[in-house]
Number of protein chains: 2
Amino acid sequence: MEYIDKLRNSGLRPTKQRLQICEVLFNTEKTFHFTINELKKRIKEKTHNKISLATVYNTVHAFEKKGYLKQIPINSNQTYFDTNITDHHHFYDLNDQKLIDLENSDVGPINIKKKIDGKRIKSVEVLVKLED
Amino acid sequence: MEYIDKLRNSGLRPTKQRLQICEVLFNTEKTFHFTINELKKRIKEKTHNKISLATVYNTVHAFEKKGYLKQIPINSNQTYFDTNITDHHHFYDLNDQKLIDLENSDVGPINIKKKIDGKRIKSVEVLVKLED
DNA sequence: CACTTATTTAGAACCATTATAAACTACAGT
DNA sequence: ACTGTAGTTTATAATGGTTCTAAATAAGTG
Ligand SMILES: [Mn+2]
Ligand SMILES: [Mn+2]
Ligand SMILES: [Zn+2]
Ligand SMILES: [Zn+2]
């Protein structure tokens, strides 16, 4: 019910597939980071239901456009998404290839002194690479 | 001569191809950001000599491993490299898809308060996204 | 129910990157 | 200078994540 409204209010039809993806993405205690393939696996595990790869891509991109998901800038052959859409930062563990959230309070204020004419700042993201 | 020593000291044989790539990458006033395909184009323009795509990839990865190039973490279908290997940060212009350097002094000190057991910080990189 | 439009889907296409393996080259040892 | 070996280059194929296509299905509207 909750997700039906969320989708309707976003101009997205509340299909069976989208509702199942909402359950996996948003019906959790903690936020998390994922790739498309990891999400596809989670969907199958949690819902015992196969959603086509194209639909997973379509839905994730639709949710990203609506602001329900964020992409994480990182060097990887796969795109990483985040269900934590608050302003925050990341550790990236180079050995385990795992992302860990860094709250704004863990980083302190960042004051960008340089200005570019005619452009405004949309986001400021910090990536802290870790190794053993 | 300069580059021959640089390569020899790194355990890389100073081949014709590697020396030409060194000229394009390092014999410039300013540092710059590039993708593999942009670099391949620059090589052909500057040296009037075709180097195979595989060699461009091989060489860029060899130079990255030796610390002569850095990869820039960014969400793009292509990998971006940087000839500026100092610690620094980036603006990313979402409209023009262009990278602009942000010196450390433009950002101020970043104090990461959170610690992860058994891991140490290898790098701290800030990405500031810009829009019109 | 009838109709329109959105969505899902399997599969193909795309394209950056990596792997392969044969030809070539640098270079150390003789 | 010749030889042998390991390193390098190269064209080309393979890989794999992502996007595209177009036909089938489902949702919303009256
Ligand atoms: Mn996207
Ligand atoms: Mn690399
Ligand atoms: Zn996060
Ligand atoms: Zn830079």
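The basis for the numbers below is simple: all heavy atoms, side chains too, and nothing from hydrogens, waters or symmetry mates. Letters A, B, ... are given to chains in the order of the sequence lines, protein chains preceding strands, and every chain is numbered from 1.
- Sequence order on DNA chain C of the closest nucleotides to Asn58(A) and Tyr57(B) puts Asn58(A) first from the 5' end.
- The number of heavy-atom neighbours closer than 6.0 Å to NZ of Lys46(B), taken from other residues, nucleotides and ligands shown, is above 12.
- Among pairs with a residue in residues 100-114 of chain B, those fulfilling side chain to side chain donor-acceptor pair (under 3.5 Å) read His33(B)-Asp101(B), Asn84(B)-Asp101(B), His88(B)-Asp101(B), His89(B)-Asn104(B), His90(B)-Asp101(B), at least two apart in sequence or across chains.
- End-to-end axis angle of the helix from dC1(C)-dG30(D) to dT30(C)-dA1(D), using five pairs per end and rounding to 10°, comes to 30°.
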- Message: For a salt bridge (charged side-chain N to carboxylate O under 4.0 Å, His left out) check, start with the C-alpha distance between Lys70(B) and Glu64(B), then their side-chain angles and the critical distance, and finish with the verdict.
- Response: CA-CA 6 Å; Lys70(B) 281 202 321 183; Glu64(B) 185 197 4; over 6 Å; no
- Task: Using a 4.0 Å cut-off on protein heavy atoms (strictly under), produce a 5'-to-3' string for nucleotides 24-30 of chain D with B for base contact, S for backbone-only sugar-phosphate contact, and - for none.
- Result: ---BS--
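- Among residues two or more places apart in sequence or in another chain, the salt bridge (charged side-chain N to carboxylate O under 4.0 Å, His left out) test is passed with Asp5(B) by none.
- Follow the hydrophobic side-chain contacts under 4.5 Å out from Leu69(B) and you reach Leu53(B) in the same cluster.
- Which of dA16(C), dT9(D), dT18(D) sits closest to the side chain of Ser52(B) comes down to dT9(D).
- The ring pair (Phe, Tyr, Trp, His ring centres under 6.0 Å) search around Phe34(A) returns Phe32(A), Phe81(A), not counting sequence neighbours.
- Among the nucleotides dT8(C), dT9(D), dA19(C), the one closest to any side-chain atom of Thr59(B) is dT9(D).
- When the side chains of ILVMFWY residues are joined at heavy-atom separations under 4.5 Å, either directly or via intervening members, Ile72(B) and Ile36(B) end up in two distinct hydrophobic clusters.
- Checking the phosphate oxygens (OP1, OP2) of dT19(D), a side-chain nitrogen or oxygen of His61(A) falls inside 4.0 Å.
- Regarding Leu7(B), its CG atom lies at a distance of 18 Å from the P atom of dT25(C), rounded to whole Å.
- Atom CD of Glu38(A) has more than 12 heavy atoms from other residues, nucleotides or ligands within 6.0 Å.
- For Lys119(A) and Glu131(B), the salt-bridge test fails: no basic side-chain N is under 4.0 Å from an acidic carboxylate O.
- Rounded to an integer number of Å, the gap from CG of Leu19(B) to P of dT8(D) is 12 Å.
- Taking hydrophobic clusters as Ile, Leu, Val, Met, Phe, Trp and Tyr residues chained together by side-chain heavy-atom distances below 4.5 Å, Ile21(A) shares a cluster with Phe26(A).
- At whole-Å resolution of the value, CD in Gln71(B) and P in dT17(C) are 9 Å apart.
- Contacts of residues 40-51 of chain A with DNA chain C (heavy atom under 4.0 Å): Lys50(A), Ile51(A).
- Whole-Å rounding puts the Gln17(B) CD to dT8(D) P distance at 11 Å.
- Side-chain polar atoms of Ser76(B) and Tyr92(B) form no donor-acceptor pair below 3.5 angstrom.
- The side chain of Thr35(B) places no N or O atom within less than 4.0 Å of a non-bridging phosphate oxygen (OP1 or OP2) of dA16(C).
- Rounding to the nearest 0.5 angstrom, the gap separating the NZ atom in Lys98(A) from the CG atom in Asp93(A) is 8.5 Å.
- In this structure, the CD atom of Gln20(B) is 9 Å from the P atom of dT10(D), given to the nearest Å.
- The interatomic distance linking Lys65(A) (NZ) with dT19(D) (P) rounds to 12 Å, in whole Å.
- A straight line from CG of Leu53(A) to P of dA13(C) spans 17 Å, rounded to a whole angstrom.
- Atom OH in Tyr80(B) sits roughly 11 Å away from atom P in dA16(C) (whole-Å rounding).
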